[in-house]
Amino acid sequence: MHQQKRQPELVEGNLPVFVFPTELIFYADDQSTHKQVLTLYNPYEFALKFKVLCTTPNKYVVVDAAGAVKPQCCVDIVIRHRDVRSCHYGVIDKFRLQVSEQSQRKALGRKEVVATLLPSAKEQQKEEEDKRIKEHLTEGLFFEQSFQPENSTVSSGPSLLTVFLGVVCIAALMLPTLGDMESLVPLYLHLSVNQKLVAAYILGLITMAILRT
C-alpha cells in the first residue's frame with residue numbers, strides 16, 4: 001500500500017523569495033523611469049499569494065499590490081512614482097513583498113526592495129564613473145605597494161565567465177521540472193526544485209555583480 005507523499009511543513013518567514021530587481025532608481029528628469037517593474041518568481045511546486053507593502057505608500061502607485069503566482073511561474077508588479085519633487089531626492093524608501101500559501105495567512109517569506117529618487121541620470125552616471133576611477137586608482141596603488149605583481153587592468157564590464165554563468169542559470173530556470181510528463185524535453189534535462197532554486201540564487205548574485213560593475 002503506497003503512502004501519500006506529504007509536503008513538508010513550511011516555517012514562517014524562512015521561505016526564500018526571488019524578486020528582480022532588488023533596487024529601484026527613479027530619475028526626476030527622465031519620465032520613462034517613473035514607472036518600473038518588479039518581477040516575482042515562484043520556482044516552487046505550489047502556488048503562492050503575495051502582498052506588496054511600502055514605507056511611504058502616498059508616494060507610489062502599485063498596480064496589483066496583491067495577487068497570486070502559479071507554480072513555476074512569475075508575475076510583474078508595476079510601480080509608479082507619483083510624487084516627483086526635489087524634497088524627495090536621495091530619500092530611500094522600501095517595499096516589502098510578503099508571500100504565503102493560498103490556504104494560509106502566515107507569511108512564509110519576505111523580501112525588501114529599496115527605492116530612491118535622484119535628480120538626474122546623467123549626474124548619477126558621472127558620479128559613479130568618478131567613484132569607479134578613484135576606486136581603481138586606489139586598488140592599483142595598494143597592490144603595487146603590497147605585492148608588486150603584474151600590472152592591474154581596469155575592468156570595463158562583466159567578464160565572459162560571468163555572462164556565461166548567467167546564461168546557464170537562465171537556461172536552467174527555463175527547463176522543465178522533474179515530474180513534468182508533458183514536456184518534450186528529454187528526461188535527463190529535467191531539473192529538481194532545489195536545483196532551480198540554486199540556479200535562481202546564483203543568477204541573483206550574478207545580476208547584482210553586473211549592476212555594480
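Keep in mind that what you see is a predicted model, and the values were worked out from it rather than measured. All values below come from the heavy atoms of this structure, side chains included, with hydrogens, waters and symmetry mates left out.
Shown here are the ring pair (Phe, Tyr, Trp, His ring centres under 6.0 Å) partners of Y60, two or more places apart in sequence or in another chain: F26, H81, F95. T22 is linked by a side chain to side chain donor-acceptor pair (under 3.5 Å) to nothing, counting only residues two or more places apart in sequence or in another chain. P71 meets the side-chain contact (heavy atoms from CB on, under 4.5 Å) test with A47; sequence neighbours excluded. Residues passing the salt bridge (charged side-chain N to carboxylate O under 4.0 Å, His left out) test with K94, sequence neighbours excluded: E112. Not a single side chain to side chain donor-acceptor pair (under 3.5 Å) links N194 to another residue, sequence neighbours left out.
Linking ILVMFWY residues whenever their side-chain heavy atoms come closer than 4.5 Å, directly or via other members, leaves F18 and L53 in distinct clusters. Note: the hydrophobic cluster containing V99 also contains F46 (ILVMFWY, side chain heavy atoms under 4.5 Å, direct or indirect links). A single hydrophobic cluster is not seen to contain both V167 and I170; linkage of ILVMFWY side chains at heavy-atom distances under 4.5 Å, directly or through other members, places them apart.
Within the structure, every pair that satisfies the salt bridge (Lys or Arg N to Asp or Glu O under 4.0 Å) test and touches residues 46-69, not counting sequence neighbours, is listed here: K59-D93. Residue pairs meeting the salt bridge (Lys or Arg N to Asp or Glu O under 4.0 Å) criterion with at least one member in residues 29-41: none, sequence neighbours excluded. Pairs passing the salt bridge (Lys or Arg N to Asp or Glu O under 4.0 Å) check and including a residue from residues 79-88, sequence neighbours excluded, read D83-R85.
Taking each heavy atom of V69 and N42 in turn, the nearest pair found is O-ND2, 3.2 Å. Looking at every heavy atom in both residues, Q36 comes nearest to L24 through OE1-CD2, 3.6 Å. Closest heavy-atom contact between T39 and D76: OG1-OD1, 2.9 Å. For the pair E23 and V113, the tightest heavy-atom approach, listed with the atom from each and the gap, is N-CG1, 3.9 Å. Contact record, A28 with Y89: CB-OH, 3.4 Å, taken as the closest heavy-atom pair.
Other members of the cluster containing V168 are F164, with ILVMFWY side chains joined at under 4.5 Å, either directly or via other members. With a 4.5 Å cut-off between side-chain heavy atoms of Ile, Leu, Val, Met, Phe, Trp and Tyr, the cluster of V114 takes in I92.
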Mind listing the side-chain donor-acceptor pairs of residues 197-207 below 3.5 Å, one per line with the distance, residues two or more places apart or on another chain?
{"unit_1": "T207", "atom_1": "OG1", "unit_2": "L203", "atom_2": "O", "d": "2.7"}

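With rounding to the nearest 0.5 Å, the separation of CG in L38 from CG in L40 is 9.0 Å.
When side chains are defined from C-beta on, P16 counts as touching Y44, because their heavy atoms get closer than 4.5 Å. Two residues are said to be in side-chain contact when any heavy atoms from C-beta on lie closer than 4.5 Å; T56 and V91 fail this criterion.
Looking only at distances, no side-chain donor or acceptor of Q102 sits under 3.5 Å from a matching main-chain atom of L48.
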